[in-house]
Amino acid sequence: MLKIYISDLTHNYKTVSNETMPLNAAYIKAYLKKNLDDKVDCKLFRYPDILIDNIRKYIPDVVMLSNYVWNEALGLFILSFVKKINPNILTIMGGPNFSLDREKQEEYMCRNSNLDFYILGEGEIPSSEIIKLFIDNNKSVKKLKSHEIDSCVYIRPDGSFYQGKRIAGVKNLDDIPSVWLSGYLDEFFDGKLAPLIETTRGCFFTCAYCVQGTEFYSKIRRFSLERIKKEIVYIAEKIRKNSPDVGFLSIADSNFGIFNDDVEISKIINEVQEKYGWPTFIDATTGNNKKDSTFQTVVNLNGALVMYNSVQSMSPVVLKNINRKNINPEIMKDIQQRAKEMGIKTLTETILSLPGETFESHRDGLFQLINLNIKQFTNYQCMMLKGSYLETQEFRKRFNINTRYRILPRNFGIYNGNKVFEVEEIISSTSTLPFSDYLKARKLHLILIIYYNGFRFEPLIRLMEFYGVDIISWLNELFENMNKANKNVTNLVNAFLDETTNELFYSYEKCAEFYAKEDNFQRLLKGEIGGNLIMKYLSIATFHTWEDIVEYAFNVARKLITNKETNKDIYNFLNDLEVFMRYRLANGKSSAQILSNAEADLHYDVKAWVDNNYADCFNKYRFKNPSTVQFYLPEERYRIIKNALSVYGEDITGKAKLVTRIQYTDQLREYRTLRNITEK
């Protein structure tokens with residue numbers, strides 16, 4: 001029986017960097033077992049230390065590894081370790097992180113001589129063919145490489161490069177046995193990893209920056225609804241029994257919600273939520289070209305899923321360059337209004353440095369989205385994804401694309417005594433965007449995520465709107481006059497810009513070399529460098545310097561309101577609103593501080609005004625007597641934050657992860673009146 005180790009690795013040196021279960025590796029195992037049955041013994045791995053230990057103790061015949069941007073270096077290190085143990089072990093890699101350029105493919109295979117085969121596209125069929133031929137050729141890697149195998153690249157025995165014809169994936173996805181119902185993933189319900197499910201494969205769109213935008217992923221296929229239902233129920237029962245603190249579910253689909261079956265799936269998840277209290281958060285990318293089904297899908301999930309309205313850019317020039325077409329802005333505005341009426345949270349994604357973008361077009365696009373009532377942004381920097389058209393030499397030359405390299409946050413570790421780092425390549429400048437404008441745009445991103453994203457300042461924004469203050473003017477004032485903010489805020493922004501510059505290197509080697517130095521590695525471990533900077537500084541802002549952040553927001557707002565209103569009461573209410581917002585958000589450096597209560601004196605029942613959707617004049621909410629109120633986390637929010645801090649840690653690295661894994665509303669305190677001040 002052939003011993004096969006199949007791995008979808010995640011770094012887990014300090015903490016688990018990619019906390020989903022190895023679904024793709026399990027699919028390969030299921031397909032191999034179906035087609036080769038007792039000829040193969042397949043074992044799945046997620047953690048590199050466990051894989052290394054097994055390779056050392058129980059030498060396999062085959063090692064198969066997934067290849068993504070977050071585990072490529074780790075996989076290549078494992079291959080070098082494998083071949084030192086036994087050069088006759090067959091090594092196979094597969095996954096989207098592989099260039100479309102033939103020359104780069106050949107260079108990759110020659111440079112990484114410990115890798116025998118790379119599988120292109122979906123891996124089930126080619127994996128089965130490779131393993132069958134390996135068995136038929138008496139486990140000889142050399143003889144195996146003499147064959148012509150579809151959807152594979154490899155160096156043949158004579159030293160020539162072979163690129164097999166790329167074939168389609170499994171036509172009927174139900175031909176792949178269920179990895180959940182087969183129990184293949186049971187061992188990964190360990191309290192750290194979250195379930196990852198796939199209901200659909202393929203994507204309608206042809207975006208040049210995305211691997212799924214290539215022709216190889218254009219055909220849409222679905223798993224059967226009945227199978228998905230059984231899997232979701234199975235997973236929920238396992239979560240309740242083995243991983244009760246894991247609150248989220250990840251869905252791998254490119255455009256979840258656009259099919260009628262997705263509505264049915266959301267109903268199934270809703271039933272599970274009611275019975276098991278899980279999931280409380282769903283990580284999935286929703287489609288935006290079939291809004292009715294997407295709306296219903298999101299509504300059914302009780303706020304656990306955010307509706308995506310991704311645009312990437314609002315510039316017609318950029319959209320043409322990347323082969324993308326956005327929905328009409330007026331339709332987008334209608335979607336936002338409908339989402340608001342239905343209580344649906346929405347999220348829009350943009351990408352900085354796309355071909356043809358300027359700072360002005362990027363800024364104006366963001367402000368246009370705000371005017372369309374978009375409430376939340378994720379502003380990415382353009383990553384050169386291997387396997388996308390944008391990463392090819394043709395695109396690089398056409399748009400004078402310059403790139404730099406940076407470490408992937410949390411994706412590093414020491415394994416078998418060796419430091420391993422995952423490094424990504426991003427676009428730092430183009431023919432239309434100099435690096436100085438790249439930095440300006442990053443500063444704007446930080447301002448938006450702190451002051452506009454996530455509804456943190458919604459009460460202040462709504463008050464300003466009531467008095468005719470243009471929110472774009474407020475945001476622009478915050479951006480342009482940062483030097484007038486208090487010291488803690490300016491230091492935060494300046495530190496962000498310094499770190500944004502210093503995190504970028506001119507080569508992969510220089511980046512890895514920097515972090516390999518012991519002093520820098522220790523700083524990396526402490527989260528001082530090498531993190532997701534937007535999330536890191538959002539976490540610093542909202543947990544460590546929140547009072548200063550609030551103060552600057554209100555100082556700018558008072559200046560703008562002065563030009564609109566002279567009523568003395570507005571300033572009294574602004575003072576109370578500032579106090580309310582200072583204590584409303586659970587914050588602090590330690591878990592104890594974050595979870596603690598706080599007291600403050602108020603003249604207005606600000607919460608009642610907020611809960612009434614800011615509908616009436618604030619004067620209607622003035623207390624008869626000034627009151628001391630206590631801000632506290634309700635029991636369920638307390639539990640969610642406490643569990644999240646336990647899973648991710650209370651340092652800034654953990655908090656940066658935490659803010660992406662819980663709902664913003666779960667961080668909000670309620671308040672109750674303790675006493676009238678006159679009673680003291």
Does the side chain of [X] reach to within under 4.5 Å of the side chain of [Y], using non-hydrogen atoms?
X	Y	result
Glu122	Ile176	no
Lys607	Leu602	no
Thr200	Ser254	no
Ile450	Tyr537	no
Tyr614	Glu458	yes
Tyr583	Val579	yes
Val69	Glu422	no
Phe189	Ile239	yes

Which pair of non-hydrogen atoms, one from [X] and one from [Y], has the smallest distance, and what is that distance?
X	Y	answer
Lys33	Cys42	CD-SG, 4.3 Å
Leu9	Ser66	N-OG, 4.1 Å
Ser127	Met64	OG-CE, 3.3 Å
Ser7	Ala25	C-CB, 4.2 Å
Ile251	Ile269	CD1-CD1, 4.4 Å
Pro329	Met314	CG-CE, 4.5 Å

Kindly determine whether Asn260 and Glu264 satisfy side chain to side chain donor-acceptor pair (under 3.5 Å), including the steps that lead there.
-> CA-CA 7 Å; Asn260 290 331; Glu264 296 305 311; over 6 Å; no
Backbone N/O of [Y] and side chain of [X]: donor-acceptor pair under 3.5 Å:
X	Y	answer
Glu124	Gly169	no
Asn587	Leu585	yes
Asn67	Asn97	yes
Asn302	Ala304	no
Asn270	Ser266	no
Gln273	Pro279	yes
Asn326	Val311	yes
Trp70	His11	no
Thr297	Ser293	yes
Tyr604	Asp576	no

From [options], residue fulfilling side chain to side chain contact (heavy atoms under 4.5 Å, CB included) relative to [X]:
X	options	result
Arg201	Gln212, Lys219, Arg221	Arg221
Glu198	Leu23, Ile228, Leu173	Leu23
Val16	Val647, Asp190, Thr10	Thr10

SB check [X] [Y] (cutoff 4.0 Å):
X	Y	result
Glu635	Arg639	no
Asp292	Arg338	yes
Glu231	Arg227	yes
Asp253	Arg222	no

Step by step, work out the side chain to side chain contact (heavy atoms under 4.5 Å, CB included) result for Glu349 and Gln312. CA-CA 6 Å; Glu349 294 176 316; Gln312 316 313 351; 3.8 Å; yes
Within the supplied structure, the quantity of interest is the number of heavy atoms (other residues, nucleotides, ligands) at a distance under 6.0 Å from [X] [atom1]; does it exceed 12?
X	atom1	value
Lys34	NZ	yes
Glu341	CD	yes
Lys192	NZ	no
Lys229	NZ	no

Salt bridge (charged side-chain N to carboxylate O under 4.0 Å, His left out) between Arg46 and Glu187, intermediate numbers included:
CA-CA 10 Å; Arg46 187 62 164 156; Glu187 64 181 290; over 6 Å; no
For this session: Quick one: pull up NZ in Lys375 and CG in Leu347 and give me the separation to the nearest 0.5 Å.
Result: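 Taking NZ in Lys375 and CG in Leu347, the distance rounds to 14.0 Å.
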Please round to the nearest 0.5 Å and tell me the distance separating atom NZ of Lys642 and atom CD1 of Ile594.
->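 Rounded to the nearest 0.5 Å, the NZ-CD1 separation comes to 13.0 Å.
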TODO: Determine, step by step, whether Glu271 and Lys267 satisfy the salt bridge (charged side-chain N to carboxylate O under 4.0 Å, His left out) criterion, reporting the C-alpha distance in whole Å, the side-chain angles of both residues, the deciding distance to 0.1 Å, and the verdict.
DONE: CA-CA 6 Å; Glu271 292 174 3; Lys267 292 178 182 177; over 6 Å; no
Do Ser178 and Lys230 pass the side chain to side chain contact (heavy atoms under 4.5 Å, CB included) test, and can you show the C-alpha distance, the side-chain angles, and the key distance before you say yes or no? CA-CA 10 Å; Ser178 172; Lys230 291 179 181 177; over 6 Å; no
Item to check | Check: Tyr451 ring centroid to Phe457 ring centroid under 6.0 Å | outcome: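 So the answer is yes for these two rings.
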message = Before we go on, tell me: are the rings of Trp278 and Tyr276 under 6.0 Å apart, centre to centre?
response =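 Not under 6.0 Å, so no.
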Please report the C-alpha distance between Thr20 and Asp283 in whole Å, then the side-chain angles of each, then the deciding distance to 0.1 Å, and finally whether the side chain to side chain contact (heavy atoms under 4.5 Å, CB included) criterion is met.
CA-CA 11 Å; Thr20 55; Asp283 181 18; over 6 Å; no
Do Asn18 and Tyr68 pass the side chain to side chain donor-acceptor pair (under 3.5 Å) test, and can you show the C-alpha distance, the side-chain angles, and the key distance before you say yes or no? CA-CA 11 Å; Asn18 188 339; Tyr68 295 90; over 6 Å; no
According to the interplanar angle, ranging from 0 to 90°, do the rings of Phe573 and Phe618 count as parallel (below 30°), tilted (30 to 60°) or perpendicular (above 60°)?
->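 Phe573 vs Phe618 ring planes: parallel.
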Practice problem: If the plane angle is over 60° it's perpendicular, under 30° parallel, otherwise tilted; pick one for Phe631 and Tyr671. | Solution: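 Perpendicular: the ring planes of Phe631 and Tyr671 meet at over 60°.
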Cation-pi check, Lys657 onto Tyr648 ring (under 6.0 Å, within 45° of axis):
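Negative - Lys657 is either too far from the ring of Tyr648 or too far off its axis.
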### Message
Glu578 vs Arg582, test: salt bridge (charged side-chain N to carboxylate O under 4.0 Å, His left out). Steps then yes/no.
### Response
CA-CA 6 Å; Glu578 182 175 353; Arg582 186 186 306 158; 3.8 Å; yes
Practice problem: Could you walk me through whether Ser591 and Glu650 pass the side chain to side chain donor-acceptor pair (under 3.5 Å) test, one step at a time? | Solution: CA-CA 6 Å; Ser591 294; Glu650 63 179 34; 2.6 Å; yes
For this session: Please step through side chain to side chain contact (heavy atoms under 4.5 Å, CB included) for the pair Leu44 and Phe188, ending with a clear verdict.
Result: CA-CA 10 Å; Leu44 300 176; Phe188 300 102; 3.9 Å; yes
